[in-house]
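Sequential numbering from 1 along the given sequence is applied to the chain's residues.
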Amino acid sequence: ENIEIAAPKGFAVRIPDIERAGYENLGWFGNPEFKGDTLSHVAAADTDATVWGKFMAVASITLNTNGGTVDSGMVEKYTEGLGAKLPKKVSRDGYVFVGWYAEEDFSGNRVQAVGPDATGAQVFYARWYKMETPAKDDAGCYVIKTAPELYGFAAIVNGTAGYTRERSACAGLANDIVVNSDVLNEDGTLKNAEAALNFIPWNPIDSFAGVFNGNGHVVSGLFYADSAYYESFGFFAGIGGTADKFAELKNFGLVDSYFAVKAAYFGAIAGRVVGVPFSVNYGSGYCAKFSGVYNESTLLPYADAQGAAGILGSINYRSTAHFENTYNRGLILGRSYNIAGILAHLSSNTTLYMVNCYSVWKSKSLMYKESKAFIAGNLGASTVSIDNCYYLNTQAYREIAGIPAADSLFSNGTVTLVLRKGENGSVWGQNVGTDAYPNLSGKLENSQAAEYKVTFHTFEGNNATYFDSYVAGFSKALPEDVYM
């Protein structure tokens with residue numbers, strides 16, 4: 001249908017808004033192919049002018065929530081040629097929202113938006129992953145045996161999905177937990193991007209003040225990939241207990257997992273040590289301990305994070321973090337302000353204690369060249385104690401702490417031996433010839449490390465104790481004083 005408008009010669013004329021039932025005008029153009037910029041006026045001229053409106057049909061969107069509720073971002077229609085995003089914030093008590101599917105049986109891939117090429121009415125179905133409530137042991141701690149129970153514990157701590165919040169809950173793993181399978185390649189990259197569209201997404205355990213004991217088990221196949229912003233993100237987003245009762249994460253590994261997210265503080269094990277709520281309790285001094293934990297997973301920051309690390313992203317102002325017997329064998333893709341193996345960021349006036357740790361990236365060649373091998377941040381503004389911690393010397397970039405070690409010292413058992421000599425270091429192990437790097441098996445086998453005795457001759461009657469051996473490959477400072 002054509003509409004003619006009379007206009008005085010020599011004057012520009014504003015093109016009026018014209019409505020058409022069931023359609024949306026995407027703009028006026030100076031040609032029927034709708035090429036070039038849209039027009040708001042007809043330029044001044046002494047001849048007739050013709051403009052074309054790009055009217056596109058508006059079609060319905062039906063969202064079958066299958067018992068859930070769309071909390072925000074509800075859509076009921078879209079314009080053909082433009083499409084529309086489907087809501088992400090959808091909830092249902094006792095369930096995790098997996099995504100929208102075009103088929104009622106959830107075949108095909110998850111759909112995040114109606115594309116610009118879509119036409120006609122669209123119907124989508126919400127897929128849910130049912131979480132379960134873990135039972136408690138005699139000490140009142142949750143015993144997690146399955147992946148649904150891990151999600152249930154996360155909801156208990158977070159106070160979501162119909163649960164009452166228990167920030168200080170304690171829990172232990174009774175089995176290895178596998179959520180999604182075959183997430184990563186050997187080099188740490190995502191194995192199958194299309195398959196990942198149907199993975200169960202992870203909702204981080206946040207503001208945790210209790211004790212999580214993995215009892216030597218692993219958590220495998222956690223996955224999250226979305227551009228939504230988080231203040232902190234990881235297996236645990238934020239943790240923090242008191243000086244009298246630290247929040248503790250211990251005795252587990254995070255393996256074959258992948259987090260791609262936009263976050264200020266990003267760690268595979270935990271985003272940061274911080275209190276809750278952050279806006280109210282900032283600077284009140286929170287405490288966390290990491291012992292016997294390790295990471296063999298991948299992070300991808302969608303934006304420059306203040307800190308992205310294999311273990312902990314950041315320590316909050318005036319807060320405290322202890323690390324004992326921890327290691328990173330993960331990968332961080334993309335770039336951030338600070339990337340490091342164990343810890344990437346410290347606010348001022350923090351306390352850092354670290355003993356018996358190491359970090360070796362899976363593939364430094366895939367990472368931002370300024371990524372540090374061990375830790376990053378301003379150590380000068382904090383109280384810091386770091387002892388018996390190592391990193392691969394070929395992955396170093398302006399390192400500020402830790403001891404460099406050649407790959408041969410990792411593979412032949414030397415690093416494992418010195419780790420075992422540290423405080424509470426008997427948990428370290430390695431089967432040399434089979435294991436390329438130290439692990440937490442507690443047994444060192446087929447070691448090729450060389451250890452030699454040291455004898456100090458001082459003076460007759462000196463009963464002072466000095467060290468009595470050293471391990472080849474690492475220097476050991478002689479005592480500066482002779483005790484009398």
(request) Tell me, yes or no, whether the heavy-atom count around Lys191 atom NZ, taken from other residues, nucleotides or ligands under 6.0 Å, exceeds 12. (result) yes
(message) Under the criterion side chain to side chain donor-acceptor pair (under 3.5 Å), I'd like the reasoning laid out for Asn109 against Asn198: C-alpha separation, chi angles, the key distance, then a yes or no.
(response) CA-CA 6 Å; Asn109 290 327; Asn198 300 305; 2.8 Å; yes
(message) Under 3.5 Å, is there a donor on one side chain and an acceptor on the other for Asn192 and Asp182?
(response) no
(message) Main chain of Gly99, side chain of Arg127: is a donor-acceptor contact present, judged purely on distance under 3.5 Å?
(response) no
(request) Identify the heavy atoms of Gly120 and Ala59 that sit nearest to each other, and give their distance. (result) O-CB, 3.3 Å
(message) Less than 3.5 Å apart, any donor N or O on the side chain of Ser291 or Glu324 sitting next to an acceptor on the other?
(response) no
(request) Please report the closest heavy-atom contact between Cys357 and Phe374, naming both atoms and the distance. (result) CB-CE1, 4.2 Å
(request) Would you sort out whether Asn356 and Trp428 count as a side chain to side chain donor-acceptor pair (under 3.5 Å), showing the intermediate values? (result) CA-CA 9 Å; Asn356 307 340; Trp428 289 98; 5.4 Å; no
(request) Compute whether any side-chain donor of one residue and acceptor of the other, for Asn439 and Ser441, lie under 3.5 angstrom apart. (result) yes
(request) Provide the closest heavy-atom pair for Leu331 versus Asp187 in the form atom of the first, atom of the second, distance. (result) CD2-O, 3.4 Å
(message) Apply ring-ring contact (aromatic ring centres under 6.0 Å, His included) to residues Tyr358 and Tyr390 and explain how you reach the verdict.
(response) CA-CA 5 Å; Tyr358 85 86; Tyr390 304 85; 8.6 Å; no
(request) Compute both the distance and the angle, then confirm whether Arg92 meets the cation-pi test with Phe97: under 6.0 Å from the six-membered ring centre, within 45 degrees of the axis. (result) no
(message) So which atom in Ser227 and which in Lys88 form the shortest heavy-atom distance, rounded to 0.1 Å?
(response) OG-NZ, 4.0 Å
(request) Mind running ring-ring contact (aromatic ring centres under 6.0 Å, His included) on Tyr368 and Tyr397 for me, showing each step along the way? (result) CA-CA 11 Å; Tyr368 179 48; Tyr397 180 83; 8.1 Å; no
(message) Students often mix this up, so state it plainly: with edges at 30° and 60°, are the rings of Phe208 and Phe153 parallel, tilted or perpendicular?
(response) perpendicular
(request) Report yes or no: does Thr298 contribute a side-chain atom to a donor-acceptor pair with the main-chain N or O of Gly188 at less than 3.5 Å? (result) yes
(message) Measuring only between side-chain heavy atoms, which start at C-beta, is Gln122 closer than 4.5 Å to Phe124?
(response) yes
(request) Only counting residues at least two apart or in another chain, list the ones meeting ring pair (Phe, Tyr, Trp, His ring centres under 6.0 Å) with Tyr229. (result) none
(request) Verify ring-ring contact (aromatic ring centres under 6.0 Å, His included) between Tyr224 and Tyr230, making sure each step is shown before the conclusion. (result) CA-CA 12 Å; Tyr224 187 89; Tyr230 287 81; 5.7 Å; yes
(request) Count the heavy atoms belonging to other residues, nucleotides or ligands that lie under 6.0 Å from NZ of Lys364, then report whether that count exceeds 12. (result) yes
(request) Over all heavy atoms of both residues, which pair between Gly221 and Ser257 is shortest? Give the atoms and the distance, please. (result) N-OG, 3.3 Å
(request) Applying ring pair (Phe, Tyr, Trp, His ring centres under 6.0 Å), name anything that partners Tyr265, two or more places apart in sequence or on another chain. (result) His345
(message) Has Asn158 got a side-chain atom pairing as donor or acceptor with Pro204's backbone, closer than 3.5 angstrom?
(response) yes
(message) For a quick test of reading the model, state the closest non-hydrogen atom pair linking Ser359 to Asn328 and the distance between them.
(response) OG-ND2, 3.1 Å
(message) Evaluate Ile386 against Ile375 for side-chain contact (heavy atoms from CB on, under 4.5 Å), listing each step before the verdict.
(response) CA-CA 11 Å; Ile386 299 175; Ile375 68 172; 3.6 Å; yes
(message) Less than 4.5 Å apart, side chain to side chain, heavy atoms only: is that true for Arg110 and Trp100?
(response) no
(request) Give a yes or no answer on whether the side chain of Asp137 reaches the backbone of Gly140 with a donor-acceptor pair at less than 3.5 Å. (result) yes
(request) For residues Leu392 and Phe410, determine if any side-chain heavy atom of one lies less than 4.5 Å from a side-chain heavy atom of the other. (result) yes
(request) Determine, stepwise, if the pair Glu186 / Lys362 fulfils salt bridge (Lys or Arg N to Asp or Glu O under 4.0 Å). (result) CA-CA 8 Å; Glu186 286 295 321; Lys362 279 186 180 179; over 6 Å; no
(request) Please list, chain by chain and in numerical order, all residues satisfying ring pair (Phe, Tyr, Trp, His ring centres under 6.0 Å) with Phe106, sequence neighbours excluded. (result) Tyr101
(message) Quick one, Phe266 and Ile332 - any side-chain contact, counting heavy atoms below 4.5 Å?
(response) no
Name the atoms and distances for all side-chain donor-acceptor pairs under 3.5 Å in residues 336-343, with sequence neighbours left out.
from, atom 1, to, atom 2, distance (Å)
Ser336, OG, Ala305, N, 3.1
Asn338, ND2, Gln306, O, 3.0

(message) Is there a side chain to side chain donor-acceptor pair (under 3.5 Å) between Glu24 and Tyr78? Walk through the geometry before answering.
(response) CA-CA 10 Å; Glu24 180 181 352; Tyr78 75 100; over 6 Å; no
(message) Whether Lys289 engages the ring of Phe246 as a cation-pi pair (distance to the six-membered ring centre under 6.0 angstrom, angle to the ring normal within 45°) should be assessed.
(response) no
(request) Answer yes when Arg335 and Glu370 have at least one side-chain N-carboxylate O distance shorter than 4.0 Å, and no when they do not. (result) no
(message) Quick one about Asn251 and Asn213 (side-chain donor to acceptor, distance below 3.5 Å, no hydrogens or angles considered), yes or no?
(response) yes
(message) Is there a side-chain contact (heavy atoms from CB on, under 4.5 Å) between Ile200 and Tyr151? Walk through the geometry before answering.
(response) CA-CA 10 Å; Ile200 309 300; Tyr151 279 79; 3.6 Å; yes
(message) So that I know where these two stand, are Phe259 and Phe233 an aromatic pair - ring centroids less than 6.0 Å apart?
(response) yes
(message) Is there a side-chain contact between Asn175 and Thr146 in this structure, where contact means two heavy atoms from C-beta onward sitting under 4.5 Å apart?
(response) no
(request) Could you tell me whether the side chain of Leu366 reaches within less than 4.5 Å of the side chain of Trp361, counting heavy atoms only? (result) no
(message) Less than 2.5 angstrom apart at the SG atoms, yes or no, for Cys170 and Cys141?
(response) yes
(request) Determine, step by step, whether Ile156 and Arg165 satisfy the side-chain contact (heavy atoms from CB on, under 4.5 Å) criterion, reporting the C-alpha distance in whole Å, the side-chain angles of both residues, the deciding distance to 0.1 Å, and the verdict. (result) CA-CA 5 Å; Ile156 288 168; Arg165 190 176 196 183; over 6 Å; no
(message) Taking ring pair (Phe, Tyr, Trp, His ring centres under 6.0 Å) as the definition, give me every residue that meets it alongside Tyr353, ordered by chain and number, with sequence neighbours left out.
(response) His322
(message) If the condition is side chain to side chain donor-acceptor pair (under 3.5 Å), which residues does Asp304 pass it with, not counting sequence neighbours?
(response) none
(message) If the test is ring pair (Phe, Tyr, Trp, His ring centres under 6.0 Å), which one of Phe235, Tyr294, Phe290 qualifies with Phe252?
(response) Phe235
(request) Under the side-chain contact (heavy atoms from CB on, under 4.5 Å) rule, what do Asn185 and Leu190 come out as? Steps first, then yes or no, please. (result) CA-CA 6 Å; Asn185 294 308; Leu190 190 62; over 6 Å; no
(message) Taking Lys145 first and then Glu132, would you say they form a salt bridge - that is, a charged N and a carboxylate O separated by under 4.0 Å?
(response) no
(message) I'd like to check Asn203 versus Thr160 (side-chain heavy atoms, cut-off strictly below 4.5 Å). Are they in contact?
(response) no
(message) Between Lys250 and Val211, is there a side-chain heavy-atom distance shorter than 4.5 Å?
(response) yes
(message) With rounding to the nearest 0.5 angstrom, report the OG1 to CG distance, Thr320 to Asn349.
(response) 10.5 Å
(message) Has Asp256 got a side-chain atom pairing as donor or acceptor with Ser297's backbone, closer than 3.5 angstrom?
(response) no
